[in-house]
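Both ligands and their constituent atoms are indexed starting at 1 by order of listing. Basis for what follows: all heavy atoms, side chains included, without hydrogens, waters or symmetry-related copies.
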Amino acid sequence: MSNRTRRKLLVANWKMHFLRASALDYLKVFRERVRAVMKTEIVLAPPFTLLEAVGREIRETQIKLAAQDLFYENEGAFTGEISAAMLKDLGCAYVIVGHSERRRLFGETDELINKKLQAALEADLLPILCIGETLEERRAGRTQAVLETQLRRALEGLAPSEKHLIAYEPVWAIGTGVNAEPAQAQESARFIRERLRSFLGEERAQDVRILYGGSVRVSNLESFLQMPDIDGALVGGASLDPVSFAEMVQQTERMVPS
Ligand code: 13P
């Protein structure tokens, strides 16, 4: 599969934002503006508390639902945790795994992320695995070593046929307004695909969609999507405005050949 045939995808990571009323207001504006979009895949990742309400509002549309995290056990005495089966039950198609905020603020390790990835796949959820280097690691010339380790450990034990997506999110670009240069993001995405080739084989590696995340805005999205190994974006701050996020979706749609 070439980059022209990997379907473009935009994911809104709402992180810890919105209450029911504000989420419904968002959807009123957003749904209308993306009604005609068919080629681009649109995914919304609200917090757990809004999955049901958002899921209900987008049920009859082409918009898909994602969760921002999951726990790896199916059920049991795990106070406060949410399983893959529970997410599936609410209509989720995707789940974000290993976001840098979870790694940094909640101590998630590659081993834990590997278990979460496996649990998502077992429940037939598509995991979006997030990887990325810190500024310190980049300055020390360790970007590729970090990406390689995060990728290898997260994917350990996975059958090459299992479907997942990778989000390259350099930690220093998240929520800072300082996006990676498109060429830098492409260099990492190309490296990730090359590593996937050795883990999964040529055919599967060509198939895996790689997203860029980190200060993506209306004004820079297109420059990332033009890169041959970047198939979409994982958008935080700029996805909180339904007009901006809809504009990004429309931009993407215009770039997809019919
Ligand atoms: P920002 O778009 O706010 O930089 O966040 C990126 C991100 O973390 C998406 O998961």
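Legend: residues meeting side chain to side chain donor-acceptor pair (under 3.5 Å) with E202, ordered by chain and number and at least two apart, are R197. Residues passing the side chain to side chain donor-acceptor pair (under 3.5 Å) test with K64, sequence neighbours excluded: E41.
The two residues L200 and P160 make their nearest non-hydrogen contact at O-CB, 3.7 Å. In this structure, P127 and L117 approach most closely via the heavy-atom pair CB-CD1, 3.4 Å. Nearest heavy atoms, G175 versus S215: N-OG, 4.0 Å.
Atoms of ligand 1 found under 4.0 Å from any heavy atom of K15, numbered from 1 in the order shown, are 5 (O), 6 (C), 7 (C), 8 (O). Near A173, with a cut-off below 4.0 Å to any heavy atom, the atoms of ligand 1 are 4 (O). Taking every heavy atom of G175 and a limit of under 4.0 angstrom, the matching atoms of ligand 1 come to 1 (P), 3 (O), 4 (O). Numbered from 1 in the order shown, with element, the atoms of ligand 1 that lie under 4.0 Å from a heavy atom of G237 read 1 (P), 2 (O), 3 (O). Heavy-atom contacts of G236 reach the following atoms of ligand 1: 1 (P), 2 (O), 3 (O), 5 (O), 6 (C), 9 (C) (cutoff under 4.0 Å). The contact set between ligand 1 and L234, taken as ligand atoms under 4.0 Å from a residue heavy atom, comprises 9 (C), 10 (O). Numbered from 1 in the order shown, with element, the atoms of ligand 1 that lie under 4.0 Å from a heavy atom of G214 read 4 (O), 6 (C). Set against the non-hydrogen atoms of E169, the atoms of ligand 1 under 4.0 Å away are 6 (C), 7 (C), 8 (O), 9 (C), 10 (O).
Within the 4.0 Å heavy-atom cutoff, G213 does not count among the residues contacting ligand 1.
Between H99 and ligand 1, at least one pair of N/O atoms sits closer than 3.5 Å.
A side-chain donor-acceptor contact under 3.5 Å links E133 and W172. When only modelled atom types and interatomic distance are considered, S83 and E75 share no side-chain donor-acceptor pair under 3.5 Å.
Contacts between N13 and ligand 1, counted as non-hydrogen atom pairs separated by less than 4.0 Å, involve the side chain only. Contacts between S100 and ligand 1 below 4.0 angstrom, taking non-hydrogen atoms only, are absent altogether.
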Run the side-chain contact (heavy atoms from CB on, under 4.5 Å) check on Y72 and N114 step by step: do they pass? CA-CA 9 Å; Y72 59 81; N114 175 255; over 6 Å; no

